[in-house]
Each structure stands twice: as C-alpha cells, then as structure tokens.
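As structure tokens, the structure follows; a few thoughts come after it.
Side-chain atoms are counted along with the backbone in the values below, which use heavy atoms only and exclude waters and symmetry mates.
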Amino acid sequence: MSKLIGRLLVVLAFGWSGMATSALIDNGDTTIDTNTGLEWLDLTLTKNQSYNSILGGYGGYLADGYIYATSSQLCGIWGSLGDDVSNCLNLSDINSSDLLQQASATTLTTLLGATLSNRTQIGTYGMYDSGLIDSGRNGLGCIDSGSNSVCLADVSPPKASRADRWTNLDYSQESIGSWLVRSAEVPTPATIPLLGIALAALG
C-alpha cells in the first residue's frame with residue numbers, strides 16, 4: 001500500500017512541477033506569461049499615444065484592468081525565455097545592450113508587437129512606469145531584435161534629451177507604444193486528467 005501511495009505522489013509531483021514551468025502564450029493582441037501570471041498588451045495597439053492619453057482613458061485599457069508596467073515587471077518578461085537578466089534593473093542608459101540572446105529578442109518582439117520596423121531595425125519600444133511620474137516623466141523600455149539588445153531608461157535629470165523627448169508624459173511618438181499589463185488567468189492542467197494519469201500509473 002505504501003508503494004502505491006509513493007507512486008501516486010511521484011506522478012502528482014511531476015504534474016504540479018509542469019504547471020510551474022514558464023511559458024509565453026500568444027493570444028493575438030495579448031501575451032500571457034504563465035511564470036508571473038501577467039497578461040501583456042501588444043504594444044502596437046498603443047502606438048503614437050502619450051502616457052497621459054492612456055491614463056486619460058484612450059482605448060479603454062485602464063478600464064479593462066491594464067496598468068503601466070514597472071521596470072521589475074519588464075525585466076520579468078524579458079527573462080521569461082531563460083536569458084540571464086540578473087543585471088536588468090541596473091540598466092540606466094538608453095543604449096544598454098546584450099541582455100538577450102538573438103532568438104529571445106526576436107521571439108519577444110514577435111509576441112509583444114514590433115512598434116518600429118524599417119530596413120535596419122526591428123524593435124518593440126514602449127513607455128513604462130518608472131516611478132517618476134511626479135516629475136512629469138516616465139520610462140522608456142525597448143527590445144531591438146536586430147541587435148538583440150534592450151534598453152531600460154528611468155528618466156531623471158541629467159539623462160539624454162532624446163530620452164526626455166520620448167518619455168515626456170504628453171509626448172507621443174509613432175514608433176513607441178506603452179507597456180501595459182494586468183493579472184491573467186493562467187491556464188493550468190485540469191484536475192480530472194491529472195488524477196486520471198495518476199490512477200493509470202497506479203494501475
């Protein structure tokens with residue numbers, strides 16, 4: 001009897017460990033990160049809209065439960081494919097680079113939406129909440145899939161004027177969207193199939 005119980009526990013353990021595996025689920029206009037339980041809105045939907053216009057209700061995204069992502073949430077989605085992003089929160093320059101592998105940068109840009117695409121560059125650029133809203137500015141986060149680089153700019157004096165222009169609360173730029181995120185229902189294996197597998201193993 002104890003052996004049967006042991007087998008059941010092993011099967012259930014494997015089932016639950018599978019649920020904890022990180023995965024990105026493409027839902028068209030959104031991407032779910034099952035590791036963090038967050039749902040990310042495609043950045044192309046918010047291109048050419050300022051930070052203030054989103055906060056003012058443009059698109060109804062806030063009414064749908066979305067909020068501006070924080071830098072730590074951005075680092076989380078960037079590391080969801082297994083890249084070492086332990087230094088992510090230390091990025092402070094608009095041209096920081098080389099956190100992501102090429103395949104990861106391409107995958108994330110495809111899933112989250114390429115806001116910029118030309119002959120030399122394909123990337124996902126967006127504004128996020130850097131905690132500096134009281135000073136009239138926010139942050140700029142980007143993935144450049146062409147050079148597998150990222151940028152995470154918490155904009156505060158004396159940062160580059162380029163960053164200031166891109167992230168001013170009232171400023172919109174056609175190649176920049178917004179990193180909007182909300183809690184998601186993370187798909188999990190159904191209880192009955194899981195128990196069925198356990199019972200089959202017992203058999």
Side-chain angles (χ1 to χ4, degrees), residues 24 27 29-81 83 85-97 99-100 105 108-109 111-116 123-144 149-186:
L24 296 179
N27 286 332
D29 287 343
T30 65
T31 299
I32 294 178
D33 181 355
T34 62
N35 188 48
T36 60
L38 295 176
E39 183 175 20
W40 295 81
L41 187 69
D42 190 305
L43 276 78
T44 60
L45 298 176
T46 54
K47 283 175 58 174
N48 205 28
Q49 294 297 320
S50 71
Y51 197 94
N52 272 342
S53 68
I54 298 294
L55 293 181
Y58 168 80
Y61 302 119
L62 272 62
D64 288 338
Y66 286 98
I67 59 172
Y68 269 98
T70 64
S71 54
S72 60
Q73 288 171 330
L74 277 178
C75 290
I77 187 74
W78 290 347
S80 61
L81 297 176
D83 297 83
V85 295
S86 56
N87 196 43
C88 181
L89 287 175
N90 294 326
L91 298 180
S92 59
D93 189 282
I94 195 139
N95 294 314
S96 300
S97 62
L99 271 191
L100 301 177
L108 289 170
T109 297
L111 287 172
L112 298 168
T115 60
L116 174 66
T124 300
Y125 290 72
M127 296 174 287
Y128 70 93
D129 180 5
S130 66
L132 300 173
I133 190 171
D134 289 340
S135 66
R137 284 171 289 183
N138 50 302
L140 174 68
C142 64
I143 303 171
D144 186 336
S149 64
V150 300
C151 69
L152 188 65
D154 286 344
V155 182
S156 59
K159 297 300 180 187
S161 60
R162 178 185 177 201
D164 293 346
R165 288 203 312 273
W166 278 7
T167 59
N168 183 281
L169 294 177
D170 291 314
Y171 186 82
S172 61
Q173 219 258 15
E174 70 176 23
S175 60
I176 297 175
S178 291
W179 294 96
L180 298 180
V181 66
R182 67 181 177 184
S183 295
E185 288 290 329
V186 179

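In this structure, L24 and L108 have side chains that are in contact, with non-hydrogen atoms separated by less than 4.5 Å. Side chains of D64 and R182 form a contact here, defined as non-hydrogen atoms less than 4.5 Å apart. In this structure, I77 and L38 have side chains that are not in contact, with every pair of non-hydrogen atoms separated by 4.5 Å or more. Side-chain contact between L100 and V150 is present, with at least one heavy-atom pair separated by less than 4.5 Å.
Of the candidates L112, L41, T46, W179 forms a side chain to side chain contact (heavy atoms under 4.5 Å, CB included) with just one, namely L112. Of the candidates Y68, Y128, Y125, Y68 is the only one forming a side chain to side chain contact (heavy atoms under 4.5 Å, CB included) with S178.
The two residues E174 and K47 come nearest to each other via the heavy atoms O-CE, 2.8 Å. Listed here is the closest heavy atom pair of Q49 and S53: OE1-OG, 3.2 Å. In terms of heavy-atom proximity, S50 sits nearest to S172 at N-CB, 3.6 Å. C151 approaches W78 most closely through the heavy-atom pair O-CH2, 3.4 Å. The two residues S130 and G139 come nearest to each other via the heavy atoms OG-N, 3.6 Å.
The CD1 atom of I176 sits 14.0 Å away from atom OH of Y51, with the distance rounded to the nearest 0.5 Å. A distance of 8.5 Å separates OH of Y66 from CG of L45, quoted to the nearest 0.5 Å. Put simply, OH on Y61 and CD1 on I54 are 6.5 Å apart, with the number rounded to the nearest 0.5 Å. Once rounded to the nearest 0.5 Å, the distance linking OG of S80 with CD1 of I32 reads 13.0 Å. The CG atom of L180 lies 7.5 Å from the CG atom of L43; values are rounded to the nearest 0.5 Å. Atom CG of N87 and atom SG of C75 lie 9.0 Å apart (nearest 0.5 Å).
Annotation: side chain to side chain donor-acceptor pair (under 3.5 Å) contacts of T44 (sequence neighbours excluded): D42. Every residue two or more places apart in sequence or in another chain that forms a side chain to side chain donor-acceptor pair (under 3.5 Å) with N52 is listed here: D170.
Judged by distance alone, with hydrogens and angles left aside, the side-chain atoms of T115 form a donor-acceptor pair with the main-chain N or O of S175 at under 3.5 Å.
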